[in-house]
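In what follows, a single structure is set out as structure tokens and then discussed.
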Amino acid sequence: MATLSITGGRVLLPDGTIPRADVLIDRDDGEILEIGDDLAGEDVLDASGSLVTPGFVNGHSHVAMTLLRGYADDKPLESWLREDIWPAEGELTAEDVRVGAELGLVEMIKSGTTGFADMYFEMPEIVDAVDRAGLRGRLGHGVVTVAKDDAGAHEDLETSLAFAREYDGAANGRISTAFMPHSLTTVDREYLAEYVPKAREAGVPLHYHANETADEVTPIVESEGVRPLAYAAELGMLESQDFVAHGVHVDESEIGLLAEAGTGVIHCPASNMKLASGMAPVQRMLDAGVTVGLGTDGAASNNDLSMLDEARDAAMIGKLAAEDASAIPAERIAEMLTHRTADAIGLESGRLEEGAPADLAVIDLEEPHLTPVHDLVSHLAYAAAASDVRHTICDGQVLMRDREVLTLEEDAVLERASEAAESLVARAEE
Ligand SMILES: CSC[C@H]1O[C@@H](n2cnc3c(O)ncnc32)[C@H](O)[C@@H]1O
Ligand SMILES: [Zn+2]
């Protein structure tokens, strides 16, 4: 058995305690063998002066949108998508998606993310990039049927279903899939009614944007006579394995539906703030028993993929939304960075315990902004930054050692991405 030990650090355990301990990993099985004192592996990662945490989990992203980072800012969702993003995405090639995904994956590895959920198109390119990068992903092809004829809509729906069936379990089981209608307003009722049962037959979960803006709620209330999540429930789209992105404009009845169904909500605070979509009632959802995870959304509405940034944003806006400084305390944020998001998107990771997947991030604490250490959970929620991540490990494989990404060639990825983005924008603006 090939082993790896992570030695000399303090380790964030599922019960929230942070003892000094080593972590011994089985690299072949990708599992944590033991957490304790003086554990020697064949390979060693130094974690002295560092915090060893479960790898962060990003519950909602469009990873290839890194190519559109900074392309269109300072607009609300609807006009941002229709005037800028969708026209530019119309010019994306499969190669662009691969290059954009590689860039996003480098950024994720460098910021300690080991698992993520992603909705986009040209998904086999993203599978290939994730396979090489070494992360864990729940991936799906995003379907939009509005403005398509029936044949075009069916083609998109079939692509999403076929992708979900074919790629579940890819990359040695690190990739799982979902059927991903883009949202409740961009996929027509007749198609949801036809394809949700097919996704259930295929045994894959659903992931979609829901209740992101007030403008998205009104047309559903007008056409269906019920709130969006009641409409989703009617269509069989709220099951325990499903997860929705945003959940900003949810009322008490919808929070009740989510809690009862066990459907996860991925909170995307940076995107919600940047697009001025609104403040999600996260504390109320948590109080009702909803599984709330965290996600960055795409880099074009964030504008980065750092989960540590997202954590701080979630803590700050959570207090503002609840008008209560004790809302969304640091402990909840640490859970959302790790196992709560993993649970929401159906990944096994997010907990440092024997037998769990060996997905970890090691954070260097010897930095001015992390000194002194009164409370490491506080540092995780409020003070640590992406650049503090020293090592990233997923499935027992070291993806980054001493801030050097090992699975992708960072310099070449950055160069290819800059070239692809320049050429994309030139085509989009022709
Ligand atoms: C059809 S693939 C996914 C699709 O979603 C778009 N997108 C990016 N950010 C958001 C957001 O915040 N709300 C809704 N849709 C979003 C992305 O550009 C792709 O077209
Ligand atoms: Zn999104």
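For reference, positions follow the sequence shown, starting with 1. Order of appearance sets the numbers: ligands from 1, and atoms from 1 within every ligand.
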Does some non-hydrogen atom of Met65 fall short of 4.0 Å from ligand 1? yes
Can you tell me if Tyr208 contacts ligand 1 (heavy atom of the residue under 4.0 Å from the ligand)? no
In plain terms, say whether Glu107 and Arg69 are close enough for a salt bridge, that is, a side-chain N and a carboxylate O under 4.0 Å apart. yes
Numbered in order shown, the ligand 1 atoms found under 4.0 Å of a heavy atom of Trp80 are 9 (N)
Please identify which of these residues, Thr17, Ile6, Val23, Thr53, meets the side-chain contact (heavy atoms from CB on, under 4.5 Å) condition with Val11. Val23
Taking CG in Asp149 as the centre, count heavy atoms belonging to other residues, nucleotides or ligands within less than 6.0 Å. Is the count above 12? yes
I'd like to check which ligand 1 atoms, numbered from 1 as shown, lie under 4.0 Å from a non-hydrogen atom of Met119. 3 (C)
For ligand 1, which atoms have a heavy atom of Ile85 less than 4.0 angstrom away? 18 (O)
Angular separation of Asp297 OD1 and His60 NE2 about the Zn ion (ligand 2), given to 10°: 100°
Give a yes or no on whether a salt bridge exists between Arg138 and Asp118, defined as a side-chain N under 4.0 angstrom from a carboxylate O. no
Specify the protein heavy atom at minimum distance from atom 2 (S) of ligand 1: its residue, its atom name, and the distance to 0.1 Å. Tyr120 CA, 3.7 Å
Of the listed options His60, Met180, Glu89, closest to atom 18 (O) of ligand 1 (non-hydrogen atoms): Glu89
Just do the salt bridge (Lys or Arg N to Asp or Glu O under 4.0 Å) check on Arg27 and Asp395 with the steps written out, would you? CA-CA 7 Å; Arg27 288 194 300 185; Asp395 202 29; over 6 Å; no
Nearest heavy atom to atom 8 (C) of ligand 1 wins, so pick from Met123, Glu122, His62, His141. His62
Which atom names give the shortest non-hydrogen contact between Ser349 and Arg136, and what distance separates them? OG-CD, 4.2 Å
Counting C-beta onward and ignoring hydrogens, is there a side-chain heavy-atom pair between Ser111 and Phe56 closer than 4.5 Å? no
Tell me if a side-chain donor or acceptor on Asp359 pairs with a main-chain N or O of Cys394 at a distance below 3.5 Å. no
Here the atoms of ligand 1 under 4.0 Å from any heavy atom belonging to Leu77 are 11 (C), 12 (O), 13 (N), 14 (C)
Could you check which of Ala300, Gly142, Gly298 puts a non-hydrogen atom nearest to atom 1 (C) of ligand 1? Gly142
Considering only heavy atoms, which of Glu78, His182, Glu212 lies nearest to atom 4 (C) of ligand 1? His182
